[in-house]
Number of protein chains: 2
Amino acid sequence: VLPLALVCSLDARHRFEPERLSATCPGDGAPLLVEYPHRSLDRAAVARGPWSMWRYREMLPVDAAEEPVTLGEGSTPLIPAPQLAAELRLDVPLYVKDESQNPTGSFKSRGMSVAVTRARRLGAAALVAPSAGNAGGALAAYGARAQLPVIVFLPRDTPAILIEECETYGARVELVDGLIDDAGKRAAEFAAATGAFNMATLREPYRIEGKKTMGYELIEELGGPPAAIVYPTGGGTGLIGMWKAFDELEACGWIGRRRPKMIAVQAEGCAPIVRAFEENAPSARCWDDAFTAAWGLRVPSALGDRLMLRAIRESGGTAIAVSEADLLSGMAAMRTREGIDASEEGGAAVAALRVALDRGMHPDGPIVLFNTGSALKYAPRRAAATGAAAFA
Amino acid sequence: VLPLALVCSLDARHRFEPERLSATCPGDGAPLLVEYPHRSLDRAAVARGPWSMWRYREMLPVDAAEEPVTLGEGSTPLIPAPQLAAELRLDVPLYVKDESQNPTGSFKSRGMSVAVTRARRLGAAALVAPSAGNAGGALAAYGARAQLPVIVFLPRDTPAILIEECETYGARVELVDGLIDDAGKRAAEFAAATGAFNMATLREPYRIEGKKTMGYELIEELGGPPAAIVYPTGGGTGLIGMWKAFDELEACGWIGRRRPKMIAVQAEGCAPIVRAFEENAPSARCWDDAFTAAWGLRVPSALGDRLMLRAIRESGGTAIAVSEADLLSGMAAMRTREGIDASEEGGAAVAALRVALDRGMHPDGPIVLFNTGSALKYAPRRAAATGAAAFA
């Protein structure tokens, strides 16, 4: 259904008309969140039609007649992981939500489907975003589907496979010295100079609307909230999106007040949210010299830091940093024990669950790990990192 | 439901008991096909439960209580392709069945899910297969899920990304001089020497049972048969499997006698089925010096040649070979016009449809192109082929 308003995530008194292209709150620069007209709906109205993330379209920003820009994203399988559970000595069910099975190989597809749908409707002439790789490929694909020009800013050390992915969808790629935040500055400058619409994480209000469908799906698949969600956290919109989904589902009367513990996972080489959580700070400082093989976690500062920290705390969850060795062995465990196409980020989730259990977490219900993307896009990085030949 | 019998595809009088590990017909070496006990079922019994390829389990070889070896394969989206249709001046709907969204990035997941389920049940101690890449990754993943040892034989020029995919699922990889048929010989020798079960295409009867679900899904998604199916054909089990599905669906009373025209697509550098079709031969000779960038089509001789040729002819379809330039421009068209993660094989389908229309085909209903796998696994090949650097 069409949004009622865009509401500032820092100060809810700042409300904005949703039917024009919008960035962050003009007052304080905080992300804007979407509010829908109905706060109460029965379950049959919330989830309708075939198994697809668009079955929740009553809580997504499209009107009844609108065709979303879709490639079949979402509705990913929730895969039981009994062998991993046994290895971790868990006595509750363990699942992996496998986001590698999205159209562009990662959960980024969900957000871009909704955000490009909105950008097209609201008249964007061109789309620009910074990316560590997965978001760029997703924007390139959905931009092509909407027949809108796409420009992606990538760190210069991005492997050729990801550059080629963007370019073969017809996108223009600009390489930038530095990391994702440097690419973000260049993308913002480009948007300001050319009028292209900036689709960077939380710089516009709709990618999070797509990602929240992970929360809707989990509730529907499990018949209620799991005990804990272990989520690899870079920009953090997946986690924030699911948190918003649970609030919406409570307002709709589908679930009660109980929430899953939200366990944010980062790498020891880039853990701004973990540091802020442990310091009991409301926001996170930028992380210097970020390094991790889990490139999706190589986000030194995230616009959604406050929202992430709030969700983690309100849920009774925690934030855990894992070592490079542990995330790699977690990845190997998810692949060899369960046959799931785990990337480094999925491996970090396994490692973090192990830490949480070692610290005494006693889950009283199912646990869900997220594998946020396919390992295929990382293979050249691994080869480069280990000095192995790229070709046999 | 459990199979009633395994029936020789060359001589239906050769029937075998299905509850033991079986290869090809001991009499004539032809592939065995699965027959089910019921020839008549109502639609509600054939398609039951959530949107997943296992909703057709009444026509898949599992008993009621059995948990299949599954990673959420199948139930891929059927994506409308209006922009490609306009470019081709089509006045009927055009769709792409996007098999890149499978757990291991290609349609091979479907076949391996069913075949590994059966192999586990029937007591296989280890699984072996030759592969050009996609089948090996799929066997490695499903073997890991079933906790069975996997050995994959790959051509020595297989890119590192595909070798790594197999190895990171815990499989053992053996590199072989030559192409897929040479790898196939080595796999067969290994199976004979060690007792490992040979999972090569059509050497066992169940991979085709998984692949036939593409046919079931198309019928359910479109509400009936399309006018034509354009399918990139290497080993050909996808095409043969769908043909079997249509017969089963007719026997069940779900569809009538009308069949889609089956259009088999090959590359000019490896077109044994096209040559046999044009020569009006019942079987295909081996293709010398096979070459194409669409590695899934680099199959010089296929055990399923007779079955493929029969299906193409009975359907009133055809077989078309496309040039390297045309399959690459078809791939670019599917990517840039529709945002679909088209591989070279998907591109070959676009190119073949263009040829079929140029030759005067007048479809009287929807057309379905298959994108059999993700382009990601091919990126290093492309880089190698063009001499571009693998890393930025």
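As the structure is a computational prediction, the values presented were derived from the model and not from experiment. Each chain gets a letter, A, B and so on, in the order its sequence line appears, and its residues count up from 1.
With a 4.5 angstrom heavy-atom cutoff, A/Gln147 touches chain B only via side-chain atoms. Both the backbone and the side chain of A/Tyr169 come within less than 4.5 Å of a heavy atom of chain B. Both the backbone and the side chain of A/Pro103 come within contact range of chain B, judged by heavy atoms closer than 4.5 Å. If you measure heavy-atom distances from A/Gln83 to chain B, the contacts under 4.5 Å come from the side chain alone.
Considering only heavy atoms from C-beta on, A/Thr104 stays 4.5 Å or farther from B/Asp341 through its side chain.
When B/Ala146, B/Gly72, B/Ser75 are compared by the number of non-hydrogen pairs under 4.5 Å with chain A, B/Gly72 comes out ahead. The choice from A/Pro77, A/Ser52, A/Ala144 that makes the most heavy-atom pairs within less than 4.5 Å of chain B is A/Ala144. Of the listed residues A/Leu71, A/Thr70, A/Thr76, A/Val69, the one with more heavy-atom pairs under 4.5 angstrom with chain B than any other is A/Leu71.
Taking CD of A/Glu165 as the reference point, atom OG of B/Ser374 lies at 8.0 Å (rounded to 0.5 Å). Note: B/Met334 CE to A/Thr168 OG1 = 13.0 Å, rounded to the nearest 0.5 Å.
The two residues A/Ile79 and B/Arg145 make their nearest non-hydrogen contact at CG2-NH2, 3.4 Å.
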